[in-house]
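Let me begin by presenting the structure, written as structure tokens, before commenting on it.
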Amino acid sequence: MSTTVHPWTSTRRPTTGPTPAPASTESDRTPMSAQPHAVEIVDVAKSFGAVRALAGVSLSLDHGEFVAVLGPSGCGKTTLLRCMAGFERIDSGRIALGGRAVALPGIHLPPHRRQVAVVPQEGALFPHLSVADNVGFGLTGRRGALRGKDRSRRVEECLELVGLTGMGARMPHELSGGQQQRVALARALAPRPPLVLLDEPFSALDASLRAELRSDVRTALREADATAILVTHDQGEALSMADRVAVMRDGEIRQVGTPAEVYSTPVDAWVATFVGEADLIQLPEGHAGHSLETHLGPIAVAEGGPLGTHVVIRPEQVLLTALDHPRRSEVGGVPARVQTVDFHGHDALVTISLPDGTTARVRTGAHPPAVGTDVIAWVEGTCRTVPAGGL
Ligand code: ATP
């Protein structure tokens, strides 16, 4: 099949070619050195009465790593974060931070003894304190407290880290929402905590500010050499910011891997559809071989495990061309009609209707075909199979 990029084709296509390595598991991340994990969560369970919020969660972070815990509302993300911070007691399992056990059944180190900084959804700044005093708040009244010039220097350093140099004298109400979140981050980083927990810190901000802050926060955390966990239900946020993503559902972590691994090699059909858009095609019983005849024409199917029941088609794998395209016969494909166009500026998500009455989604570039246009659609690259899990 042709690999020519048609104007309708999205420029944001994932890599095709060799199948990426399978998602990493906790067991294959054993550090080479004897240095303890920055965070080690082992088989942690937590219920609120009859509600099982965490059902045996295990996750480890190396020093300096940034992990996003991604999952739908109510899956237990905040509970996990609160258990790490010490705001909730766990029922079973254990949590160690920097090699020190902070939570075991019967042992519960209080939050102020865990050296964990939390950046909440909305900054929760002290309204009566200046920006500098908010940032400096964590630098007094604790072991290793800084005073006088040292304190001012650290405050200014942290404001610089979050792009607010010189704004120390302002009061919180004189700042925008985004600037307030930057102050909250500076306050969290000021005492140089080994672990920073971010609880949907961008959710109250508008889209453009969110994108800007994401990248600045990522840079600030990297420069501060902090280990960090971000809790979010926003897949774009998780995929763009994190070194690794832990996908959570119903109190369990379903998959941990780099953003590319989780996107290209989802462990099951639920992860495939939750992380990014995907259309699923059920494999016929007893299917064997690397090619499958589908409503989108023939598709190449990657070697799957015996449990693979569905083929995952990402919208960027579906290409469109005009009916009278000179190389139509070369690309093959099936006739289709554009049903809807969801325009996003840099790209568009187009729904096409197919002759058998089904639909498929297509990621195009910034100039999608208009609704009602007759097109030829085909699938390029190799599609993975996944078990039905969770559907
Ligand atoms: P969201 O994205 O909406 O914040 P979440 O993934 O963070 O959701 P949690 O807040 O951890 O989810 O909640 C997990 C489950 O535990 C939910 O069913 C929730 O209703 C329940 N839960 C959380 N805290 C409590 C509590 N203090 N008492 C009772 N139930 C709770």
Side-chain angles (χ1 to χ4, degrees), residues 39-61 66-95 97 102-103 105 108-111 114 116-124 177 180-181 184-185 188 195-207 209-211 213-214 217 228-242 244-257 259 262 266-268 270-276 389-391:
V39 176
E40 194 168 19
I41 301 167
V42 182
D43 209 15
V44 165
K46 171 76 187 172
S47 292
F48 298 100
V51 178
R52 194 184 61 157
L54 300 177
V57 169
S58 296
L59 180 68
S60 302
L61 273 76
F66 187 116
V67 168
V69 176
L70 171 69
S73 183
C75 73
K77 306 180 294 291
T78 301
T79 303
L80 180 62
L81 191 132
R82 288 175 60 78
C83 288
M84 276 183 270
F87 301 137
E88 299 286 357
R89 283 174 185 269
I90 62 174
D91 297 337
S92 59
R94 75 185 161 86
I95 299 176
L97 303 179
V102 297
H108 177 82
L109 216 63
R114 293 196 183 193
V116 170
V118 180
V119 181
Q121 275 188 18
E122 286 180 66
Q180 289 183 22
Q181 280 305 78
L185 181 68
L195 178 62
V196 180
L197 303 177
L198 303 126
D199 187 5
E200 309 233 19
F202 314 113
S203 58
L205 307 175
D206 65 54
L209 199 55
R210 208 156 52 207
L213 207 57
R214 271 179 200 167
V217 164
I229 296 184
L230 166 76
V231 154
T232 182
H233 61 264
D234 182 329
Q235 37 141 317
E237 197 157 284
L239 295 178
S240 67
M241 289 184 76
R244 284 189 301 144
V245 178
V247 187
M248 214 175 157
R249 188 189 190 196
D250 292 341
E252 291 173 3
I253 291 185
R254 302 291 286 256
Q255 182 169 7
V256 185
V262 169
V267 291
D268 61 28
W270 182 81
V271 173
T273 51
F274 185 72
V275 182
L391 283 183

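As the structure lists them, so they are numbered: ligands from 1, and atoms in each ligand from 1.
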Could you say whether the N/O atoms of H233 and ligand 1 ever approach to under 3.5 Å?
no
Identify whether the distance between the nearest side-chain nitrogen and carboxylate oxygen of R249 and D268 falls below 4.0 Å.
no
Closer than 3.5 angstrom, by distance alone: can the side chain of E252 be matched with the main-chain N or O of A55 as a donor-acceptor pair?
no
Which pair of non-hydrogen atoms, one from F202 and one from M241, has the smallest distance, and what is that distance?
CE1-SD, 3.8 Å
Would you verify that at least one protein heavy atom lies under 4.0 Å from atom 19 (C) of ligand 1, or report that none does?
no
Would one find an N or O of G76, backbone or side chain, under 3.5 Å from an N or O of ligand 1?
yes
Protein heavy-atom partner closest to atom 29 (C) of ligand 1 - residue, atom, separation in Å
F48 CB, 3.3 Å
Give me the atom names and distance for the closest heavy-atom approach of V57 to G251.
CG2-O, 3.3 Å
Considering all heavy atoms, the nearest M248-W270 contact
O-CH2, 3.6 Å
Would you say E200 touches ligand 1, if touching means a heavy atom closer than 4.0 Å?
yes
Identify the closest protein heavy atom to atom 21 (C) of ligand 1: which residue and atom is it, and at what distance?
V51 CG1, 3.9 Å
Quick one: nearest non-hydrogen protein atom to atom 3 (O) of ligand 1, plus distance?
S73 OG, 2.5 Å
Please list the nearest protein heavy atom to atom 14 (C) of ligand 1 with its residue and the distance rounded to 0.1 Å.
G74 O, 3.5 Å
Is C75 close enough to touch ligand 1? Criterion: a residue heavy atom under 4.0 Å from a ligand atom.
yes
Check whether any side-chain heavy atom of S73 sits under 4.5 Å from a side-chain heavy atom of H233, and report yes or no.
no
Measure the distances from the heavy atoms of G49 to every atom of ligand 1 and state whether one is below 4.0 angstrom.
no
Strictly distance-based, threshold 3.5 Å: is any side-chain N or O of K77 a donor or acceptor partner for the main-chain N or O of G71?
yes
Just which atoms of ligand 1 are under 4.0 Å from any heavy atom in P72?
6 (O)
Identity and separation of the nearest protein heavy atom to atom 13 (O) of ligand 1:
T79 OG1, 3.8 Å
CZ/R244 to CG/L59 distance, rounded to the nearest 0.5 angstrom?
6.5 Å
Under a 4.0 Å heavy-atom limit, does T78 contact ligand 1 with its side chain, its backbone, both, or neither?
both
Would the distance check show the side chain of D199 and the main-chain N or O of V118 forming a donor-acceptor pair, the cut-off being under 3.5 Å?
no
What's the shortest distance from atom 2 (O) of ligand 1 to any protein heavy atom, and which residue and atom give it?
K77 NZ, 2.8 Å
